Amino acid sequence: MRQLTFLFSFFMFFALFGCKENEPEYLIEEDTYILMFAELAIIDQYDPNLLKYRTKEDIRDLVYQKYNVSKEDFRRSHEYYEENIDAQLNRLAKVNLILREERDEVDILERKLKDKNRLTADSLRQRLNIE
């Protein structure tokens, strides 16, 4: 009877833990994937004329280096994460939040710069040496 119980326990253990799908070795941690996805989305929006001596691909390579992830591992991780649509939609919502926060920070900096460079009557007189 003990042997039967042991055998049953062994098979149950194997059924519960042995059949569970393992994540592939190349898979990027989800938080890193989300951050990289957001950065790569921003790069895709860059105006090539403003990049001067670099290309979008050069800048993407900097992102891969920053996170120590190969382009291929990111691509394969992206495909893996897209297999579960609901979870991917949650990840994309997080990416969207990051992008909104970045946009808001840029807006704040632009307003500060605009306020700093705003011409007033006094600053205009100073520039024209009028007293």
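Along the sequence shown, the residues carry numbers beginning at 1. Source: prediction; values computed, not measured.
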side-chain contact (heavy atoms from CB on, under 4.5 Å) between I85 and Q88, worked out: CA-CA 5 Å; I85 299 298; Q88 184 68 353; 5.6 Å; no
Calculate, to the nearest 0.5 Å, the distance between atoms [atom1] and [atom2] belonging to [X] and [Y] respectively.
| X | Y | atom1 | atom2 | value |
| --- | --- | --- | --- | --- |
| I28 | N68 | CD1 | CG | 10.5 Å |
| D44 | I59 | CG | CD1 | 10.5 Å |
| L109 | K116 | CG | NZ | 11.5 Å |
| E110 | D115 | CD | CG | 12.0 Å |
| R100 | D107 | CZ | CG | 13.0 Å |
| L92 | L97 | CG | CG | 12.5 Å |

Tell me, with the steps shown, if E72 and R75 meet salt bridge (Lys or Arg N to Asp or Glu O under 4.0 Å). CA-CA 5 Å; E72 181 65 15; R75 184 193 61 77; 2.3 Å; yes
Who passes side chain to side chain contact (heavy atoms under 4.5 Å, CB included) against A87, sequence neighbours left out?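 A87 satisfies side chain to side chain contact (heavy atoms under 4.5 Å, CB included) with N84, R91 only.
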For the residue pair K66 and E39, establish whether any side-chain heavy-atom pair is separated by less than 4.5 Å.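 Side-chain contact under 4.5 Å: yes.
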Using a 4.5 Å cut-off on heavy atoms from C-beta on, say whether the side chain of Y64 contacts that of L40.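 A side-chain contact under 4.5 Å exists here.
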Of all residues at least two apart in sequence or in a different chain, which pass the salt bridge (Lys or Arg N to Asp or Glu O under 4.0 Å) check with [X]?
| X | result |
| --- | --- |
| D86 | none |
| K56 | none |
| E57 | R60, K71 |
| R54 | none |

According to the ring-ring contact (aromatic ring centres under 6.0 Å, His included) rule, which pairs have a member within residues 23-50, sequence neighbours left out?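 Counting only pairs at least two positions apart or across chains, the ring-ring contact (aromatic ring centres under 6.0 Å, His included) contacts touching residues 23-50 are Y33-F37, Y33-F74, Y33-H78, Y33-Y81, F37-H78.
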Can you confirm whether D47 is buried at CG, in the sense that more than 12 heavy atoms of other residues, nucleotides or ligands lie under 6.0 Å from that atom?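 It does: D47 CG has more than 12 such atoms within range.
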Shared ILVMFWY cluster between M36 and L27, side chains joined below 4.5 angstrom?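 Linked, M36 and L27 end up in one cluster.
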Would you kindly confirm whether I43 and L51 end up in one hydrophobic cluster when ILVMFWY residues are joined by side chain heavy atoms under 4.5 Å apart?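 Result: yes, single cluster for both.
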Check for a donor-acceptor pair, side chain of D73 on one end and backbone N or O of S70 on the other, with a separation under 3.5 Å.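 No; zero donor-acceptor contacts below 3.5 Å.
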